[in-house]
K.L.:
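My questions will all concern the structure given below.
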Amino acid sequence: VQLQASGGGLVQAGGSLRLSCAASGRTFSRYVMGWFRQAAGKERESVTAISWSSGTTYYADSVKGRFTISRDNAKNTVYLQMNNLKPEDTAVYYCAASALLRPLGEWVPNIWGPGTQVTVSS
């Protein structure tokens, strides 16, 4: 599986963006998908993950109630809807995948896509 994220950009605080991650390969539906982010000068952090069936989702406390992850297995795509964006959400966002789902703090993907920049101005 290869991943390609898109949808990043510049938005004002309180605004919304939707990131997409398109995956190649016929086994997309078998993979756990999720998003990480890395702000300048900070460590990469996990944001959210979704099981192959969409039955289980995890969110970092910092984004709960504002971000929503979803997937369309027919389109080999996972989405991250980001609402009420804050300047502290500014980061490079990375799409990631793995075969197994773990709670967010324990999830270690083995497939990564190139990042997409999200910048939130105050």
K.L.:
Report the distance from atom OH of Tyr31 to atom CG of Asn73, rounding to the nearest 0.5 Å.
P.N.:
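Separation between the atoms: 13.0 Å.
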K.L.:
Determine the minimum heavy-atom distance between Val1 and Ala23, stating which atoms define it.
P.N.:
CG1-CB, 3.9 Å
K.L.:
Looking at side-chain heavy atoms only, is the closest gap between Asn83 and Phe67 below 4.5 Å?
P.N.:
no
K.L.:
Has the side chain of Ser62 got a donor or acceptor atom that lies under 3.5 Å from a matching backbone atom of Ala60?
P.N.:
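Side chain of Ser62 to backbone of Ala60, a donor-acceptor pair under 3.5 Å: no, none is there.
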K.L.:
So which heavy atom on Ser122 is nearest to which on Ala13, and how close?
P.N.:
CA-CB, 4.3 Å
K.L.:
Using side-chain heavy atoms (C-beta onward) and a distance below 4.5 Å, is Leu100 in contact with Val32?
P.N.:
no
K.L.:
Distance from Leu19 atom CG to Thr116 atom OG1, nearest 0.5 Å?
P.N.:
6.0 Å
K.L.:
Hey, are the side chains of Trp52 and Arg30 touching, using non-hydrogen atoms and a 4.5 Å cut-off?
P.N.:
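Result no, sub-4.5 Å side-chain heavy-atom pair not found.
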K.L.:
Please walk me through it: do Leu101 and Thr56 pass side chain to side chain contact (heavy atoms under 4.5 Å, CB included)?
P.N.:
CA-CA 9 Å; Leu101 178 64; Thr56 301; 3.7 Å; yes
K.L.:
Starting at OG1 of Thr77, measure out to CG of Leu3 and round the result to the nearest 0.5 Å.
P.N.:
10.5 Å
K.L.:
Can you tell me if Glu106 has over 12 outside heavy atoms packed within less than 6.0 Å of its CD?
P.N.:
yes
K.L.:
Got a donor-acceptor contact below 3.5 angstrom from the Thr90 side chain to the Thr119 backbone?
P.N.:
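Such a contact is absent between Thr90 side chain and Thr119 backbone.
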K.L.:
Could you measure the distance from the CE atom of Met33 to the CD1 atom of Ile111? Nearest 0.5 Å is fine.
P.N.:
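Result: 8.0 Å between the selected atoms.
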K.L.:
Do you know which two heavy atoms are closest between Val63 and Val47, and how far apart they sit?
P.N.:
CG2-O, 3.8 Å
K.L.:
Once you measure the plane-to-plane angle for Tyr94 and Trp112, does it fall in the parallel (<30°), tilted (30-60°) or perpendicular (>60°) bin?
P.N.:
perpendicular
K.L.:
Without swapping roles, check the side chain of Ser24 against the backbone of Gln2 for a donor-acceptor pair under 3.5 Å.
P.N.:
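Confirmed, Ser24 side chain pairs with Gln2 backbone.
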K.L.:
In sequence, state the C-alpha distance, the side-chain angles, and the governing distance for Gln81 and Ser16, and then conclude on side chain to side chain contact (heavy atoms under 4.5 Å, CB included).
P.N.:
CA-CA 7 Å; Gln81 178 66 43; Ser16 299; 3.9 Å; yes
K.L.:
For the side chain of Thr48 and the backbone of Tyr58, is there at least one donor-acceptor N/O pair under 3.5 Å apart?
P.N.:
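A pair under 3.5 Å: yes.
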K.L.:
In terms of side-chain geometry, is the basic nitrogen of Asp89 or Lys86 positioned less than 4.0 Å from the acidic oxygen of its partner?
P.N.:
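Salt bridge absent between Asp89 and Lys86.
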K.L.:
Under the side chain to side chain contact (heavy atoms under 4.5 Å, CB included) criterion, do Ile69 and Tyr79 qualify, and how do the steps go?
P.N.:
CA-CA 6 Å; Ile69 189 171; Tyr79 305 97; over 6 Å; no
K.L.:
Calculate, to the nearest 0.5 Å, the distance between atoms CZ and OG belonging to Arg102 and Ser46 respectively.
P.N.:
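These two atoms lie 14.5 Å from each other.
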K.L.:
Would Tyr59 and Trp35 count as a close aromatic pair, with their ring centres under 6.0 Å?
P.N.:
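Centroid separation for Tyr59 and Trp35: 6.0 Å or greater.
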K.L.:
Measuring only between side-chain heavy atoms, which start at C-beta, is Cys21 closer than 4.5 Å to Gln4?
P.N.:
no
K.L.:
Nearest heavy-atom pair of Trp107 and Ala96: which atoms, and what distance?
P.N.:
CH2-O, 3.8 Å
K.L.:
Under a 4.5 Å side-chain heavy-atom rule over Ile, Leu, Val, Met, Phe, Trp and Tyr, are Leu80 and Val11 clustered together?
P.N.:
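Both belong to a single hydrophobic cluster.
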K.L.:
What is the distance from atom CZ of Arg37 to atom CE of Met82, rounded to the nearest 0.5 Å?
P.N.:
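If I round to the nearest 0.5 Å, the distance is 9.0 Å.
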K.L.:
Please say which of Val78, Asn76, Thr57 ends up in a side chain to side chain contact (heavy atoms under 4.5 Å, CB included) with Arg71.
P.N.:
Val78
